[in-house]
Visitor: 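One structure coming up, written as structure tokens, with questions to follow.
Per chain, numbering begins at 1; letters A, B, ... match sequence-line order. Because the structure is predicted, anything quoted here is derived from the model rather than measured.
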Number of protein chains: 2
Amino acid sequence: MAQNDTVTRILDTAEVLFAERGFAETSLRTITSKAKVNLAAVNYHFGSKKSLIQAVFARYLDPFTERFHGALDELERRYRGEAIPLEELLETMARSVLEVPAERNSLKVFMRLLGLAYSQAQGHLRRYIQEEYGSVFTRFTDLIRQATPELPDAERFWRLHFVLGTVIFTLSGLDALRDIAEKDYNEHVTVRDLVRRLRPVVVAAMQAPLPAPAPAGVREA
Amino acid sequence: MAQNDTVTRILDTAEVLFAERGFAETSLRTITSKAKVNLAAVNYHFGSKKSLIQAVFARYLDPFTERFHGALDELERRYRGEAIPLEELLETMARSVLEVPAERNSLKVFMRLLGLAYSQAQGHLRRYIQEEYGSVFTRFTDLIRQATPELPDAERFWRLHFVLGTVIFTLSGLDALRDIAEKDYNEHVTVRDLVRRLRPVVVAAMQAPLPAPAPAGVREA
DNA sequence: TCCGGTAATAAACATTTGTTTCAAACGTGG
DNA sequence: CCACGTTTGAAACAAATGTTTATTACCGGA
């Protein structure tokens with residue numbers, strides 16, 4: 001199990017360094033020295049730095065998509081054709097996201113990586129994630145559509161990304177925010193705690209009244 | 001006005017490149033060649049790449065904080081001691097943010113930069129922004145507190161960051177999202193449009209019902 | 001006109017980056 | 001025990017980065 005050990009050690013080290021500093025700011029030498037493996041091991045086992053980055057994501061997203069697909073199967077079975085309630089869908093998504101990294105106590109790393117995947121330009125990453133894991137997201141949004149028939153399609157699209165932003169932003173910046181919260185309110189906040197606080201906010205956001213119609217004839221660059 | 005021209009050209013070019021690719025991924029050579037100035041000009045006028053990054057932010061944040069402070073002064077004068085309504089505060093913040101880059105039609109650049117400032121590790125940037133512009137944020141949160149006396153302090157703290165996440169996440173990833181939205185819904189979305197959609201969602205999020213109390217005795221790693 | 005400092009330029013600098021090379025060590029199946 | 005494919009190791013590679021150095025060009029005031 002020598003090669004497996006090396007591969008795992010590289011992945012374990014890389015994911016926390018990536019999460020802390022971003023991809024471009026993390027050199028292979030930093031990773032390999034901290035992981036106590038040879039520099040060439042990365043190119044030997046993964047081929048390139050880009051592939052290493054993708055492998056880091058795959059290790060989270062592969063189990064996640066599997067679990068999530070399973071959970072959605074179960075939900076659809078339970079509701080047999082009827083629309084699944086919105087809160088049930090959100091709850092299921094939350095549970096699936098939480099379960100995967102829970103096995104390694106690395107939720108904040110996972111969330112930070114997700115945040116980077118969005119913000120970071122890194123064209124190849126977005127393309128990779130989209131191609132590899134786009135289908136499960138499509139399935140989820142389809143179910144969301146059936147659960148919120150009163151929303152116009154475009155409005156639902158944007159609201160989904162609004163709440164996605166809330167969750168990723170909050171959980172990926174959790175450490176910094178937690179420090180402030182503890183200092184100011186003397187309250188130790190757990191992830192469970194945050195999810196509990198998130199729930200009513202997310203639901204309220206999705207069910208907010210529709211915006212006033214756009215004023216006509218206003219141009220913008 | 002030769003030196004001013006060079007300085008401005010560097011800033012103009014740097015800000016769009018930074019916004020497109022991030023800081024580490026944008027080299028001084030790319031900036032200077034695109035701006036048609038000499039490579040050494042950056043170090044001559046700004047001292048270092050770090051200082052250039054800070055200067056890019058200062059060019060947005062200095063006018064913003066001035067306008068925002070002014071707008072808050074005006075609000076406080078209008079309400080003379082009484083609590084300013086939440087929506088008025090949010091509206092004022094939105095207007096101040098929108099006004100500054102409007103002068104150069106570069107709102108998306110500004111937003112992307114804000115998003116990078118959060119997501120990007122770049123320790124020096126966070127510290128710089130915090131030290132230089134933290135006070136206006138403190139003033140704003142104080143007013144928000146007076147506008148939402150029904151919220152427990154901790155709850156308000158988290159909700160503020162929830163909606164901050166929504167806004168920054170959405171607007172900083174605007175280009176990518178816009179592409180999807182246009183492809184799927186054949187709808188060209190402007191920033192004004194997004195702000196209009198954001199408003200009811202943000203208000204609903206801040207006013208959502210309080211979460212169920214935390215279950216007692218549940219431990220977590 | 002000439003001087004003085006400011007700015008622009010080209011070249012070189014020292015580091016750091018990802019990647020490649022090739023030899024040595026390893027381990028497993030015959 | 002030997003041979004062979006796999007993995008590790010140290011070193012070198014080319015390319016790219018931020019920064020510095022001299023040198024030249026510029027330009028307004030004495």
Side-chain angles (χ1 to χ4, degrees), chain A residues 1-59 113 116-117 120-125 127-128, chain B residues 1-59 113 116-117 120-125 127-128:
Chain A
M1 191 158 288
Q3 101 262 15
N4 193 319
D5 193 49
T6 298
V7 168
T8 308
R9 202 151 56 216
I10 291 176
L11 286 173
D12 286 346
T13 313
E15 70 172 24
V16 340
L17 288 176
F18 285 154
E20 282 174 359
R21 331 166 143 182
F23 306 113
E25 294 86 347
T26 305
S27 72
L28 293 184
R29 282 171 176 81
T30 309
I31 296 173
T32 52
S33 75
K34 195 150 194 167
K36 290 206 243 292
V37 303
N38 190 271
L39 167 63
V42 169
N43 286 282
Y44 177 78
H45 286 288
F46 298 94
S48 68
K49 187 182 180 180
K50 267 160 59 167
S51 305
L52 169 63
I53 295 175
Q54 295 179 354
V56 165
F57 274 85
R59 200 162 61 135
L113 289 176
L116 283 180
Q120 203 96 351
Q122 288 280 17
H124 76 95
L125 228 194
R127 254 174 287 131
Y128 169 77
Chain B
M1 191 160 289
Q3 99 262 16
N4 192 319
D5 192 51
T6 298
V7 167
T8 309
R9 202 151 56 216
I10 291 175
L11 286 173
D12 287 345
T13 312
E15 70 173 24
V16 340
L17 288 176
F18 285 155
E20 281 174 0
R21 328 168 158 189
F23 306 112
E25 295 86 347
T26 304
S27 73
L28 293 185
R29 283 171 175 80
T30 308
I31 296 174
T32 52
S33 74
K34 195 150 194 167
K36 290 206 243 294
V37 304
N38 190 272
L39 167 63
V42 169
N43 286 283
Y44 178 77
H45 286 287
F46 297 93
S48 68
K49 187 182 181 180
K50 267 160 61 166
S51 305
L52 169 63
I53 295 176
Q54 295 178 355
V56 165
F57 274 85
R59 201 162 62 135
L113 289 176
L116 283 179
Q120 203 98 352
Q122 289 282 15
H124 76 96
L125 228 195
R127 253 174 288 130
Y128 169 77

Visitor: Just how far is it from atom CG of A:Leu52 to atom CD of A:Glu15, taken to the nearest 0.5 Å?
Guide: 10.5 Å
Visitor: OP1, OP2 of C:dA7 versus side-chain N and O of B:Thr6: anything below 4.0 Å?
Guide: no
Visitor: Quick check for you: to the nearest 0.5 Å, what is the distance between B:Leu11 atom CG and B:Arg59 atom CZ?
Guide: 4.5 Å
Visitor: Give me the distances for all protein-to-nucleotides 15-19 of chain C N/O pairs that come in under 3.5 Å?
Guide:
unit_1 : atom_1 : unit_2  : atom_2 : d
C:dG18 : OP1    : A:Lys49 : NZ     : 2.7
C:dG18 : OP2    : A:Leu28 : N      : 2.9
C:dG18 : N7     : A:Arg29 : NH1    : 2.7
C:dG18 : O6     : A:Arg29 : NH2    : 2.7
C:dT19 : OP2    : A:Asn43 : OD1    : 3.2
C:dT19 : OP2    : A:Lys49 : N      : 3.0

Visitor: Mind checking the CD-OG spacing from B:Gln54 to B:Ser48? Nearest 0.5 Å is all I need.
Guide: 7.5 Å
Visitor: Within this structure, what is the CZ-to-P distance between B:Phe46 and D:dT19, rounded to whole angstrom?
Guide: 13 Å
Visitor: Please report, rounded to the nearest Å, how far the C1' atom of C:dA8 is from the CZ atom of B:Arg9.
Guide: 11 Å
Visitor: Does the side chain of A:Tyr128 come within less than 4.5 Å of A:Ile53's, by heavy atoms?
Guide: no
Visitor: Measure the distance from NE2 on A:His45 to P on D:dG5 and round it to the nearest whole Å.
Guide: 18 Å
Visitor: Would you kindly give the OH-to-P distance between B:Tyr44 and C:dA10, to the nearest whole Å?
Guide: 17 Å
Visitor: May I have the list of side-chain donor-acceptor pairs in residues 33-40 of chain A shorter than 3.5 Å, sequence neighbours left out?
Guide:
unit_1  : atom_1 : unit_2  : atom_2 : d
A:Ser33 : OG     : A:Arg29 : O      : 3.1
A:Ser33 : OG     : A:Thr30 : O      : 3.3
A:Asn38 : OD1    : A:Ala40 : N      : 2.9

Visitor: Is there a side-chain contact between B:Ile31 and B:Phe18 in this structure, where contact means two heavy atoms from C-beta onward sitting under 4.5 Å apart?
Guide: yes
Visitor: Measure NZ/B:Lys36 against P/C:dT9 and give the value in whole Å, please.
Guide: 12 Å
Visitor: Rounded to whole Å, how long is the line connecting atom CG of B:Asn38 with atom P of D:dA22?
Guide: 17 Å
